[in-house]
Amino acid sequence: RRNGMPKYVGALDQGTTSTRFMIFDHGGQVVAIHQKEHEQIYPKPGWVEHDANEIWTRCQEVIKGALANTKLPREAVAKLIKAGAFLVDLRPKIGAMMGMAPGATNISVFTRRRHIHELPRDRKIVLYCHSGASAAKAKEMLDALGFQAFNGGGYEDVLKIVGTIG
């Protein structure tokens with residue numbers, strides 16, 4: 001807590017086509033996000049309905065998913081990197097060209113599916129992007145494929161962490 005305020009705030013967004021839960025820090029940065037679509041029921045032209053039970057289930061799923069995808073505390077990221085984790089920069093190539101964390105491999109969030117074969121299955125993987133939100137989504141995808149992935153947060157966060165290790 002800072003000044004008696006909680007460290008994070010969560011927001012549940014119930015939209016027409018999906019349910020999303022986002023966790024923000026005090027600076028307004030996205031810490032984690034999880035989103036799932038729900039069925040659209042069209043009883044007649046121009047009308048759309050939703051199943052309340054499905055929406056309730058999606059609310060529970062996205063909250064659990066966002067909590068599972070939160071970026072790790074700095075100490076945990078540092079420990080993983082020290083232990084030899086594979087560091088992946090998910091930012092687009094233009095961002096990576098401006099600078100990457102030492103030892104990182106750039107696999108853009110836009111091309112990650114094509115580059116799955118480049119990721120080691122025998123090492124833990126620390127992911128980072130601009131803010132940590134894309135790293136959370138990539139973590140979810142890699143976890144589903146059997147990788148040991150962790151959300152390292154944003155580029156600036158990881159730079160600071162790597163700077164304290166070396």
Residues Tyr128 and Asp157: side-chain donor-acceptor under 3.5 angstrom: no
Same apolar cluster (I L V M F W Y, side chains within < 4.5 Å links), Leu119/Val109: yes
Ile161 with Val126, same ILVMFWY side-chain cluster at under 4.5 Å: yes
Thr16 backbone acceptor or donor facing His50 side chain under 3.5 Å: yes
Thr17 versus Glu37, side-chain donor and acceptor atoms under 3.5 Å: no
Gap between atom CD of Glu54 and atom OG1 of Thr19 - 0.5 Å precision: 8.0 Å
Donor-acceptor contact below 3.5 Å, side chain Asn106 vs main chain Arg91: yes
Arg58 (side chain) donor-acceptor with His38 (main chain) under 3.5 angstrom: no
Straight-line distance of His115 NE2 to Glu118 CD, nearest 0.5 Å: 5.5 Å
side-chain contact (heavy atoms from CB on, under 4.5 Å) between Ile55 and Gln14, intermediate numbers included: CA-CA 8 Å; Ile55 288 176; Gln14 183 57 59; 3.2 Å; yes
Side-chain heavy atoms of Thr105 within contact of Asp89, under 4.5 Å: no
Rounded distance [0.5 Å steps], OG in Ser134 versus CG in Leu127: 10.5 Å
Distance, nearest 0.5 Å, that separates CD1 of Ile63 from CD of Glu61: 11.0 Å
Transitive ILVMFWY side-chain link Val158 to Ile107, under 4.5 Å: no
Main-chain N/O of Gly84 paired to Arg123 side chain as donor or acceptor, under 3.5 Å: yes
Gln40 CD to Glu49 CD distance, which is reported to the nearest 0.5 Å: 11.0 Å
Contact summary for Phe150 and Leu80, nearest pair of heavy atoms: CG-CD1, 3.7 Å
Heavy-atom side-chain contact between Phe110 and Leu90 under 4.5 Å: no
Stepwise side-chain contact (heavy atoms from CB on, under 4.5 Å) test for Ile33 and Ile23: CA-CA 6 Å; Ile33 184 171; Ile23 301 172; over 6 Å; no
Cluster link Leu145 to Ile125, ILVMFWY, side chain under 4.5 Å: yes
Nearest-0.5 Å distance that lies between atom CZ in Arg20 and atom SG in Cys59: 12.5 Å
Verify same cluster id: Leu159, Phe86 (apolar side-chain graph, 4.5 Å): no
Ala135 versus Asn151, closest heavy-atom pair with distance: CB-OD1, 3.3 Å
Shortest non-hydrogen contact from Phe21 toward Ala66: CD2-CB, 3.5 Å
Heavy-atom pair with the smallest gap, counting every atom of Ala101 and Val162: CB-CG2, 4.3 Å
Connected hydrophobic set around Tyr42, excluding itself, where side chains approach under 4.5 Å: Val48
